[in-house]
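Presented below is the structure to which this report refers.
In what follows, residues are counted from 1 in the order of the sequence shown. Quick caveat, the model's predicted, so the values are computed rather than measured.
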Amino acid sequence: MTMTLSYHIASSAQRPQYKSIPLLGTDCVIRSNVPLAPLTSFRVGGPAQWYVTPKKLDQLQASFQFANSEELPITLLGAGSNMLVSDSGLSGLVIGSRNLRQISFEQETGLLSVGAGESLPRLAWKAAKMGWQGLEWAVGIPGTVGGAVVMNAGAQGKCMADILVNAHVVLPNGQINILSAQDLEYSYRYSKLQGKSIFVAQATFQLQPGEKPALLTAITSENFHKRRTTQPYHLPSCGSVFRNPGPKPAGWLIEQAGLKGYQIGMAQVAHRHANFILNCGGATANEILQLIYHVQEQVEKQWSLLLKPEVKVIGDFSEVASF
């Protein structure tokens, strides 16, 4: 399905006068100059030129149509938990998924269909309380279902690829495709959707209903407690910054390089877990990226190994020189 609506928006020189634009054919509104820092877990970053939060599939398609008609780049934003946004903000249209939260449980088949904006931890708790096995490991992973599908998020030795049946995605031209886990070419913290303007609108997972809710809730609670006691959640962060290269995890390599507590401005390598970078209050995106580069440099000097970031760095960081 493709959209054929036409926009007649003012030229770029005139756009700053606009505060909001009705999304044609819907009851959704696109807003201009929306701060993104409150929408990311790092709590840093400048504003979005345009920002929209569709609630339904037709609104999502219309959002792509708006971007296409205006020749705007598109950035997809879930919970902002795996994203470092430039201090100068983002040009084009930022599409937020946080209002896409519909959930459907099929008791007979064990299929769980959920909107991309649903919180992954909240979904894990909900499934456990219903006696549906398969998501207990996901309770400590920050972010939304859509982002988890794109990144092949995982914990406790399990990941999205283990349970995903298919994902409904919206292509840049507004067309809807249904992709299987095999289509996504999953590997460790990777899918072929990364780096593309393809929006996961909905995902379907294969779970196992009929288990004892009390047992699953206890397992989920234990996993949640384990994450909370071993990882720092008292200050803004993006979760794990670097992928584990194996056989030693990234946090161990960073700690052995003597970097726990190392700070640039108000960005700090966490004392509790070295693979976390914390915003200690007033950090800038530039400071966080400088710290990421410094950690990479020091680990490579000691271990001859380049750590690869899990966090997605987007926007203009031309003032920050890589090592």
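- Residues C28 and V52 meet the side-chain proximity criterion, which asks for heavy atoms closer than 4.5 Å.
- A continuous path of hydrophobic side-chain contacts links V200 to I141 [ILVMFWY only; heavy atoms under 4.5 Å].
- Scanning both residues, G92 and Q49, for their nearest heavy atoms gives N-OE1, 2.6 Å.
- Inter-residue side-chain proximity for I292 and V311 is flagged as met; some heavy-atom pair is nearer than 4.5 Å.
- Put simply, the side chain of Q61 gets close to the backbone of G174: a donor and an acceptor are under 3.5 Å apart.
- Pairs passing the salt bridge (charged side-chain N to carboxylate O under 4.0 Å, His left out) check and including a residue from residues 251-277, sequence neighbours excluded, read E255-K260.
- Linking ILVMFWY residues whenever their side-chain heavy atoms come closer than 4.5 Å, directly or via other members, leaves Y190 and L193 in distinct clusters.
- Looking at H234 and L278, their side chains come closer than 4.5 Å, going by heavy atoms from C-beta outward.
- The side-chain heavy atoms of Y293 and V320, taken from C-beta on, include a pair separated by under 4.5 Å.
- With 3.5 Å as the limit, one finds a donor-acceptor pair spanning the side chains of T109 and E106.
- The side-chain heavy atoms of D27 and Q59, taken from C-beta on, include a pair separated by under 4.5 Å.
- Without hydrogens or angle criteria, Q296 side chain to L307 main chain gives a donor-acceptor distance under 3.5 Å.
- Residues P121 and G143 approach most closely at CD-O, 3.8 Å, considering heavy atoms.
- Residues Q102 and A201 come closest through the heavy atom pair NE2-O, 4.3 Å.
- A donor-acceptor pair under 3.5 Å links the side-chain atoms of S86 to the main chain of D316, judged by distance alone.
- At distances below 3.5 Å, at least one donor-acceptor pair connects side-chain atoms of T284 with backbone N or O atoms of E287.
- By the 4.5 Å heavy-atom criterion applied to side chains, Q302 and Q256 are counted as neighbours.
- Of the possible donor and acceptor atoms, none in the side chain of T53 sits under 3.5 Å from a partner among the backbone N and O of G96.
- Using a 3.5 Å distance cut-off with no hydrogens or angles, the side chains of Q175 and N177 do pair a donor with an acceptor.
- Under the 4.5 Å side-chain contact rule for hydrophobic residues, V150 and F205 share a cluster.
- More than 12 heavy atoms of other residues, nucleotides or ligands sit less than 6.0 Å from atom CZ of R43.
- Side-chain contact between I74 and I95 is present, with at least one heavy-atom pair separated by less than 4.5 Å.
- Residues L112 and L184 share a single hydrophobic cluster, defined by chaining ILVMFWY side chains whose heavy atoms lie under 4.5 Å apart.
- Scanning both residues, R227 and P142, for their nearest heavy atoms gives NH2-CD, 4.3 Å.
- Applying the ring-ring contact (aromatic ring centres under 6.0 Å, His included) criterion to F276, with sequence neighbours excluded, gives H273.
- With hydrogens and angles disregarded, a donor-acceptor distance shorter than 3.5 Å links the side chain of N275 to the backbone of F242.
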Exercise for review: List the steps and the verdict of side-chain contact (heavy atoms from CB on, under 4.5 Å) for R122 and R101.
Suggested key: CA-CA 11 Å; R122 185 164 54 224; R101 292 184 177 179; 3.4 Å; yes
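- A donor-acceptor contact closer than 3.5 angstrom is absent between the side chains of Q208 and Q133.
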Check your understanding: Could you walk me through whether E310 and N82 pass the side-chain contact (heavy atoms from CB on, under 4.5 Å) check?
Key -> CA-CA 7 Å; E310 283 192 31; N82 201 38; 4.2 Å; yes
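- Grouping the Ile, Leu, Val, Met, Phe, Trp and Tyr side chains by contacts below 4.5 angstrom, directly or via other members, places L207 with I103.
- Side-chain contact between W303 and K248 is absent, with no heavy-atom pair separated by less than 4.5 Å.
- The two residues L259 and V295 make their nearest non-hydrogen contact at CD1-CA, 3.9 Å.
- With N33 contributing its side chain and P47 its backbone, the two residues share no donor-acceptor pair below 3.5 Å.
- A parallel orientation is assigned to the rings of Y262 and H294, their planes being inclined by less than 30° (bins at 30° and 60°).
- Looking at N223, its side chain does come within 3.5 Å of a backbone N or O of E136 through a donor-acceptor pair.
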